[in-house]
Amino acid sequence: MSVLELSDVNAYYGNSHVLFDLAMSIQENEVVTLLGRNGAGKTTTLRTITGTVPRREGSIEYRGEDISGASVESISRRGVKLVPEERRVFPTLTVMENIQLAHDLAADPRAVEEMFDIFPVLDDLRKNRGQNLSGGEQQMLSVARALVQNPDLLLLDEPTEGLAPVIVEDLREVLGDVVERDVTVLMTEQNVEFALDLGERAYIIDKGSNVWEGSVDDLQERDDLLDEYLSVGAQEAD
Ligand SMILES: Nc1ncnc2c1ncn2[C@@H]1O[C@H](COP(=O)(O)OP(=O)(O)OP(=O)(O)O)[C@@H](O)[C@H]1O
Ligand SMILES: [Mg+2]
């Protein structure tokens with residue numbers, strides 16, 4: 001059975017129609033990447049799954065159950081956890097307290113100590129406050145906060161955004177370990193290399209519609225798609 005099945009999904013912010021008949025299917029333990037340039041609708045897709053977009057239509061099935069009208073809380077309770085683009089850590093709480101709080105809010109959490117095994121960087125920073133962490137450390141903490149809640153489906157919104165290459169490398173290793181742990185992952189990325197490295201399958205969307213889906217291996221051969229839909233040229237110019 002698929003973990004997540006989107007068909008004919010439409011989403012709106014007020015009168016602005018942003019997703020158009022989007023379709024997507026994710027199987028157990030897959031790592032799927034959602035690619036597309038700025039404004040393509042990647043974040044909106046994740047928000048539509050978690051229920052935070054104001055209006056959505058179409059069918060969203062999570063493990064065979066229709067969640068297209070379900071509340072944000074009930075979707076989260078089912079084990080769907082989003083690590084948003086803007087890293088959400090509590091600035092005045094320490095690393096330990098940030099993880100502990102997420103742990104205490106979950107019905108069936110993983111052990112807090114397990115997070116320090118997965119993220120050795122955070123082990124050295126247990127007593128540091130969120131506000132004093134680097135961008136990369138905050139990103140690790142955001143992922144740890146989601147992971148300690150023992151997600152069934154982990155949604156990562158541009159996990160590498162704004163991170164230095166060496167930190168991206170650390171994150172790649174950590175997420176590689178994470179996906180070994182019985183978690184299904186849907187992540188958005190503009191860092192194509194990172195996405196292709198971690199993912200198995202990819203979807204490309206543009207202007208809120210599906211334009212391509214296939215294996216990461218196939219995508220690697222498709223410079224035309226990368227040029228047309230992923231502003232790879234622009235990235236290289238950076
Ligand atoms: N809160 C909002 N209210 C109105 N329009 C919005 C809102 N959030 C996003 N949009 C619009 O919806 C479209 C899709 O935005 P979205 O954030 O999903 O894109 P994205 O693919 O995540 O882009 P990025 O790579 O820049 O994060 C854009 O045209 C954007 O301007
Ligand atoms: Mg986005």
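These figures come from a predicted structure and were not determined experimentally. Ligands are counted one by one from 1 in listed order, and the atoms in each one are counted from 1 as well. Just so you know, residue 1 is the first one in the sequence shown, and it goes up from there.
- In the model, Y203 has no side-chain atom that pairs as donor or acceptor with a side-chain atom of T45 under 3.5 Å.
- A side-chain hydrogen bond (donor to acceptor under 3.5 Å, both in side chains) with Y12 is found for one member of R55, R56, E57 and no other, namely E57.
- The protein heavy-atom contact nearest to atom 24 (P) of ligand 1 is N38 ND2, 3.6 Å.
- Each of the following atoms of ligand 1 lies closer than 4.0 Å to a heavy atom of E158: 24 (P), 25 (O), 27 (O).
- Considering both main-chain and side-chain atoms, V18 never comes within under 3.5 Å of ligand 1 through any nitrogen or oxygen pair.
- Protein heavy atom in closest approach to atom 28 (C) of ligand 1: G39 O, 3.8 Å.
- Close approach of ligand 1 to R37 is summarised as follows: ligand atoms under 4.0 Å from at least one heavy atom of the residue are 21 (O).
- Residue contacts with ligand 1: G36 is excluded, as none of its non-hydrogen atoms falls under 4.0 Å.
- Distance alone, capped at 3.5 Å, places no donor-acceptor pair between the N210 side chain and the I205 backbone.
- The presence of a protein heavy atom under 4.0 Å from atom 30 (C) of ligand 1 is ruled out.
- Sorted by first and then second residue, the salt bridge (charged side-chain N to carboxylate O under 4.0 Å, His left out) pairs involving residues 11-32 (not counting sequence neighbours) are E28-R63, E30-R201.
- In terms of protein heavy atoms, atom 17 (O) of ligand 1 is closest to T43 CB, 3.7 Å.
- A donor atom on one side chain and an acceptor atom on the other are found under 3.5 Å apart for S68 and D66.
- Ligand 1 lies out of reach of S16, whose nearest heavy atom is not under 4.0 Å from it.
- In summary, T43 places an N/O/S atom under 2.8 Å from the Mg ion (ligand 2), meeting the contact criterion.
- Taking each heavy atom of L22 and G208 in turn, the nearest pair found is CD1-O, 3.6 Å.
- Partner of E161 under the side chain to side chain contact (heavy atoms under 4.5 Å, CB included) criterion, out of E86, Q190, E189, E85: E85 alone.
- With respect to atom 18 (O) of ligand 1, the closest heavy atom belonging to the protein is T44 OG1, 2.5 Å.
- Looking only at atom types and distance, the side chain of R222 has no donor-acceptor partner in the side chain of Y229 under 3.5 Å away.
- Taking each of E189, E85, K207 in turn, the one with a heavy atom nearest to atom 27 (O) of ligand 1 proves to be E85.
- Using modelled atom types and a 3.5 Å distance limit, the side chains of Y62 and E5 yield no donor-acceptor pair.
- Scanning all protein heavy atoms for the shortest distance to atom 2 (C) of ligand 1 gives Y13 CD2, 3.4 Å.
- Distances between N or O atoms of Q190 and those of ligand 1 include at least one value under 3.5 Å.
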